Amino acid sequence: MKTIKNIGYILTFLGFAFFIGSIFTGTYKVTPEIYTKWIESKGVKSEYFIENTKKRIVNKELSAWELSSKIIENAKASNEYQHNQPKVDWNKIIHLKWSKTSKDFVYPLVRSSATGWFTNNTALWFLLTFGLAIIGGLLVFIPDYKLLGPAGIKNNGIFQHSATNRGIIGFITAFFFIGFYIFLYFFPNYLVNPILAVNGISKSLSGNPASQWFLYGFMYCSVMTVFAVRMFIKYRHNKYQMIRTAVVLFFQIAFAFLIPEILVAFNKPWFDFKNAWPLNYSFFFDWNINQLINSGNLGIFMFVWGVILTLVVVPVMVYFYGKRWYCSWVCGCGGLAETLGDPYRQLSNKSLFSWKVERWLIHGVLLFATIMTGLTLYVYFAEIPSWKQLFLGISVYDVQTWYGFFIGSIFSGVIGTGFYPIMGNRVWCRFGCPLAAYLGFVQRFKSRFRITTNGGQCISCGNCSTYCEQGIDVRSYAQKGQNIVRSSCVGCGICSAVCPRGVLKLENGSDTGTSRTKTNDILLGNDIDLLSMTNKHD
Ligand code: SF4
Ligand code: SF4
């Protein structure tokens, strides 16, 4: 079994090595037709740029790095040239911004000019990267069924291992995650070879060539599946964890990946039926509303469903089941946190300070999302163009761009997932997700959900607090025999699973309301001055 596991490590390593290596290899040849089409689609008006770039890149075999840098160099030179003219023609200026130029301007050309081995051998290339990594991952985890002995949670050595206790492997993993998200969000022009590996799957699902977002969706589902197998083995004695893992995996693969791709195949808008506003922050953007309304009855249904999901389904379900129904059973971010992130849940900070930071940050993001959406709807109904400056030289488009950059990309992706091995697996859900903040309000003030504690049985071992991914000090509630009613609890159920004394129980039964949040009057060591009492009795 150990040999199988070691083979698994080698295969996974090879798969990742090919994946990373491909970023630095491959040839790209821009034909005159591709070039002309690209210039037209980007609306480039500068003759200086068109002619000079043509000379430098058309019909030449270049790497993605050479091609990208030549385009950007020429764009900068062209802008300088235009600025030096007696009268600047602003139509000929190419707008350059590090966070947008590569993905919006350069990527389409690099993507369509890929040539050589990777384009001709996509199936073999898929096997060498994703195939090896997926098979390797499964070979690493499946032997645990035998190697780790009888069913039961084995977290042995978790604080000694470099990968799970912020050691060198943990930092290398974080570096890889962060790097991947930066490339994905801002520089997909260097990810064309990995994108080509999943091109065949994309074409068979939607009929379209794969984009960086298809690559991301495919990787997301694959990683979740491999780590779900690990969850099934680790928690195989625990029905709640088994069913929850299966359900969250189903929602990711079916609702966030397959159904949207199939909709596209039928010329319908890409739509994730479970993605609720404000997590789906672009739902009320003008282009999205227009696209849905112009897509016939199904599009209108999607729009109405999106509104009902946020205003009715979400709060009603939280009333009955707590926010766990979404955060731990349905949501893709929660799904990744509960599978890939499971080895890192003990890294969440339990201090009072982080609880304070959490409340300011998450509610701040909810406020930001609400203001941005309010402004978006205002300009939509007032028929004001979103690029028009409204106040202090700021347009709604600017506010949307800031939100997309700081929250949608940096916080939820780069920090939210990239920092799993450093800050635990729920960084985004705990500190940033505006939907979690909204669900949390309902859960805290108007829900049946609570974790009940049989305090008399608690031996204060602290397992529950250690493995609470949301940084809740569960033990302190258990010691007092108090219900855990916290807006941040995602109902993952791990505190209950790791408790050796069966103290904790996740419950939804009807509650009168007063008992749910009642604090028991108990004496703690700090509450009384024992010395003065002793002296009094003397
Ligand atoms: S309190 Fe328990 S159920 Fe809630 S998030 Fe923490 S570990 Fe999960
Ligand atoms: S895991 Fe159970 S026994 Fe240990 S501190 Fe938590 S509630 Fe108490």
Side-chain angles (χ1 to χ4, degrees), residues 152-155 158 231 234-235 238-245 247-248 318 321-331 333-339 341-351 354-355 358-359 362 420 423-433 435-437 439-440 442-444 447-508 516-517 520 522 524:
I153 299 167
K154 312 285 192 313
N155 280 326
I158 203 162
M231 292 290 285
K234 180 174 178 183
Y235 297 97
N238 188 317
K239 217 194 268 173
Y240 183 80
Q241 296 304 331
M242 297 289 278
I243 299 173
R244 188 175 66 79
T245 305
V247 170
V248 80
V318 177
Y321 304 107
K323 71 193 240 189
R324 60 172 158 164
W325 83 271
Y326 196 86
C327 298
S328 292
W329 289 72
V330 169
C331 180
C333 306
L336 192 70
E338 295 296 339
T339 47
D342 183 69
Y344 306 114
R345 59 175 65 246
Q346 69 284 353
L347 300 175
S348 61
N349 193 318
K350 316 294 188 294
S351 68
S354 64
W355 187 9
E358 168 195 319
R359 284 181 294 181
I362 197 166
Y420 273 13
M423 292 170 73
N425 57 333
R426 286 274 191 177
V427 182
W428 165 245
C429 313
R430 181 182 176 193
F431 295 99
C433 176
L435 181 60
L439 299 170
V442 186
Q443 170 157 289
R444 175 66 184 78
S447 169
R448 292 174 166 197
F449 175 73
R450 71 272 187 198
I451 302 176
T452 54
T453 55
N454 179 6
Q457 287 293 313
C458 177
I459 53 168
S460 300
C461 67
N463 271 351
C464 49
S465 298
T466 301
Y467 293 102
C468 175
E469 57 196 357
Q470 290 290 86
I472 298 171
D473 188 2
V474 183
R475 176 176 59 180
S476 71
Y477 291 83
Q479 286 169 331
K480 289 181 267 184
Q482 188 184 334
N483 283 352
I484 298 150
V485 179
R486 283 278 293 268
S487 53
S488 63
C489 172
V490 288
C492 63
I494 297 295
C495 54
S496 168
V498 294
C499 175
R501 304 280 293 172
V503 173
L504 307 158
K505 193 166 178 224
L506 283 70
E507 295 196 39
N508 308 310
R516 182 171 172 265
T517 49
N520 291 342
I522 60 152
L524 294 176

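Both ligands and their constituent atoms are indexed starting at 1 by order of listing. Since the model is a prediction, treat every value here as computed from it, not as a measurement.
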- In the protein, what heavy atom is nearest to atom 3 (S) of ligand 2, and what distance, to one decimal place, separates them? Ile459 N, 3.5 Å

- Message: Check this for me: does any side-chain nitrogen of one of Arg448 and Glu507 sit under 4.0 Å from a carboxylate oxygen of the other?
- Response: no

- Task: Just need the protein heavy atom nearest to atom 5 (S) of ligand 2, so name the residue and atom and give the distance.
- Result: Gly462 N, 3.1 Å

- Which residue and heavy atom of the protein sit nearest atom 6 (Fe) of ligand 2, plus the separation: Cys464 SG, 2.3 Å

- State, to 0.1 Å, how close Val318 and Gln443 come at their nearest heavy-atom pair, and which atoms those are. CG1-N, 3.7 Å

- Item | Which of the ligand 2 atoms, numbered from 1, are nearer than 4.0 Å to a heavy atom of Arg475 | 5 (S)

- Item | Side chains of Asn508 and Arg324, donor plus acceptor under 3.5 Å | yes

- Are any side-chain N or O atoms of Ser447 and backbone N or O atoms of Val442, one a donor and one an acceptor, separated by less than 3.5 Å? no

- Query: Evaluating non-hydrogen atoms only, which member of Cys492, Cys489, Gly471, Ala497 is closest to atom 4 (Fe) of ligand 1?
  - Reply: Cys489

- Item | Residue part near ligand 1, for Leu504, under 4.0 Å between non-hydrogen atoms | neither

- Pull out every atom of ligand 1 sitting under 4.0 Å from any heavy atom of Ile451, numbered as shown with elements. 1 (S), 2 (Fe), 3 (S), 4 (Fe)

- Lys154 atom NZ: more than 12 heavy-atom contacts under 6.0 Å: yes

- Message: With heavy-atom distances below 4.0 Å as the criterion, list the atoms of ligand 1 near Gly491.
- Response: 3 (S), 4 (Fe)

- For Cys461, the ligand 2 atoms whose distance to one of its heavy atoms is below 4.0 Å: 1 (S), 3 (S), 4 (Fe), 5 (S)

- Query: Counting N and O atoms only, with roles assigned by atom type, does the side chain of Ser354 sit under 3.5 Å from a partner on the main chain of Ser351, one being a donor and the other an acceptor?
  - Reply: yes

- Any chance OH of Tyr240 has more than 12 other-residue heavy atoms, nucleotides or ligands included, within less than 6.0 Å? yes

- Query: Would you say Arg475's side chain and Ser465's backbone share a donor-acceptor pair under 3.5 angstrom?
  - Reply: no

- Message: So if I count the atoms of ligand 2 from 1 in the order they appear, which ones are less than 4.0 Å from some heavy atom of Ala478?
- Response: 7 (S)

- Taking only non-hydrogen atoms of Pro500 and a 4.0 Å limit, the atoms of ligand 2 in range are 1 (S)

- Query: Does Val490 come within less than 4.0 angstrom of ligand 1, counting non-hydrogen atoms of the residue?
  - Reply: yes

- Query: Of the backbone atoms (N, CA, C, O) and the side-chain heavy atoms from C-beta on, which set of Val474 has a member under 4.0 Å from an atom of ligand 1: side chain, backbone, both, or neither?
  - Reply: side chain

- Query: Measuring to atom 2 (Fe) of ligand 1, does Cys495 have an N/O/S atom at a distance below 2.8 Å?
  - Reply: yes

- Assess Cys458: does it contribute an N, O or S atom lying under 2.8 Å from atom 2 (Fe) of ligand 2? no

- Nearest non-hydrogen partners of Cys492 and Arg345, listed with the distance: SG-NH1, 3.9 Å

- Task: Identify, for atom 2 (Fe) of ligand 2, the protein heavy atom at the shortest distance, and state residue, atom and that distance.
- Result: Cys499 SG, 2.3 Å

- Backbone of Cys468 reached by a side-chain donor or acceptor of Ser348 within 3.5 Å: yes

- Message: I need the atoms of ligand 1 closer than 4.0 Å to a non-hydrogen atom of Cys468, numbered in the order shown.
- Response: 1 (S), 5 (S), 6 (Fe), 7 (S)

- Message: If the cut-off is 4.0 Å to any non-hydrogen atom of Ser460, which atoms of ligand 2 fall inside it?
- Response: 5 (S), 8 (Fe)

- Item | Distance-only polar pair, side chains of Ser488 and Arg426, donor-acceptor under 3.5 Å | no

